[in-house]
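Reviewing the structure listed below.
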Protein chains: 2
Amino acid sequence: MSPPLSEPIRYRLTVEYDGGAYCGWQRQKDCLTVQEVLEKGLRQLFGHPVELLCAGRTDKGVHATGQVAHFDAWQPRSPETIVRAVNALSPSTVAVLAATRVSTDFHARYSATYREYLYRLLDRRLVPSALDRDRVWCTPGRTLDAERMRQAGATLMGTHDFSAFRAAGCQAKHPIRTVQRLELLRRGEELHLIMGANAFLYHMVRNVVGTLVQVGQGRWSADRFQEVFQSLDRRNAGPTAPPQGLYLTRVEYPQSL
Amino acid sequence: MSPPLSEPIRYRLTVEYDGGAYCGWQRQKDCLTVQEVLEKGLRQLFGHPVELLCAGRTDKGVHATGQVAHFDAWQPRSPETIVRAVNALSPSTVAVLAATRVSTDFHARYSATYREYLYRLLDRRLVPSALDRDRVWCTPGRTLDAERMRQAGATLMGTHDFSAFRAAGCQAKHPIRTVQRLELLRRGEELHLIMGANAFLYHMVRNVVGTLVQVGQGRWSADRFQEVFQSLDRRNAGPTAPPQGLYLTRVEYPQSL
């Protein structure tokens, strides 16, 4: 092994995981997390403790196909070696998709300028999904009217106070967020909601989805959705959608980093 | 409960299941099967033992989104009751998608005129899939050339002797099958092979896929694929593709039934 460097090297990882296998991203005492298993693999590869910081700390059950994280290492390793070794050392429920060397100015969380989530809804009326039971939310009861949901959701685009969709325990300094993308796409029997913003409040996507489903099932009007949003009061919004339909799909950074 | 009927009523079920949760369709002594769990649910609903016969007995690990099965009951139940009750009584890894009353001339296996399978290949070079690890075959090593595979596979269309792709232990009376559909579709990072025929030999789709992957990875030419096919000798073909990429998606019957 070569001698340690005088300055650390920073690496950026793109990570996919099955949220059902973990108690979320962040390290916990008595429950397996994504951070813990990846840090363990990196420690074995680099021979020293590694702290891995991510762009968006996902909750228990929430998946990722494009989580981004960074860490500092005191030994140089090629990106290909990092990908191969960490995947070989980690459970099959997590995969490092890519590794790149980045400047020490790069911070997975604080440098991120845009985050995108996918929420998968399945609205078979009577029947749950045997194959995707841990990958979608099977909305019970009525068929979802995508057009009604689109009309209601359009009001979220742009810069607003999202307090109506902010869960208790949210640690953000303020509730203002800028939604840059909100799409609802039919994908066979599924309805996919894609939501992109500079940043998200705690449970924001799941609270938006839970409320939009009220509209899609015909219980609430698009006008009521807008009233809820403008009330800035979480108690007026719908229930929080369950975690297994949610995927962190993309995080963007300034090109200079 | 109403008195039993003098003649049984035949019902047809469409079934989805996660093959990874079962030792295949067919009842076995020491291993959980799809047939066993569904027969158990039906017995609880109808109050008498039920035998469930399927169109295509899938192996351990093989999934279905459109398996068809039939059974005879001595109590009338509405299709909606059957769907709801059996799903409520069964594990979440199996779902009855639909139930219909059919003539006693209908036989899930012997009346079927067409079966269709999907095989999902994922050819990320270095990285396995954390989310779809039990849903696709992550082909190792090289990228798949779909066009080469299409050219080679085209030779399978029509009526031929499929002995080259017939596994030992196949109980079919003869090896002649008529392939009516063979398509290879790019779906993001995945390659989907769709194969439809009047019927299939044992492991036929998985043996075709394993051999086509040799072509797609550039090891074998399309000419060699054709030679293997025409040799009628299983020993010349490629390895059997693993079960978790395979889905029984559709079974068709004469309209008169």
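Every chain is numbered from 1 and lettered A, B, ... according to where its sequence line falls, protein lines coming before strand lines.
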Quiz item: For Lys40(A) and Leu89(A), what are the C-alpha separation, side-chain angles and deciding distance, and is it a side chain to side chain contact (heavy atoms under 4.5 Å, CB included)?
Solution: CA-CA 8 Å; Lys40(A) 190 177 164 193; Leu89(A) 295 165; over 6 Å; no

Quiz item: chain A heavy atoms under 4.5 Å from Ser90(B): which part of the residue, side chain, backbone, both or neither?
Solution: neither

Practice problem: Between chain A and each of Thr65(B), Val94(B), Thr93(B), count heavy-atom pairs under 4.5 Å; write down the option with the most. | Solution: Thr93(B)

Quiz item: By a 4.5 Å heavy-atom criterion (distance strictly below it), what part of Ala98(B) contacts chain A: side chain, backbone, both, or neither?
Solution: neither

Quiz item: With a 3.5 Å cut-off and no angle check, do the side chains of His203(B) and Asp59(B) form a donor-acceptor pair?
Solution: yes

Practice problem: Fit a plane to each ring of His63(B) and Tyr247(B), take the angle between them on a 0 to 90° scale, and name the class: parallel (under 30°), tilted (30 to 60°) or perpendicular (over 60°). | Solution: tilted

Quiz item: How are the rings of Phe106(B) and Tyr253(B) set to each other: parallel, tilted or perpendicular (split at 30° and 60°)?
Solution: tilted

Quiz item: Non-hydrogen atoms of chain A under 4.5 Å away: do they reach the side chain of Val15(B), the backbone, both or neither?
Solution: neither

Quiz item: Would you call the rings of Phe46(B) and Tyr11(B) parallel, tilted or perpendicular if under 30° counts as parallel and over 60° as perpendicular?
Solution: tilted

Quiz item: Which bit of Val83(B) comes within less than 4.5 Å of chain A, counting heavy atoms only: side chain, backbone, both or neither?
Solution: side chain

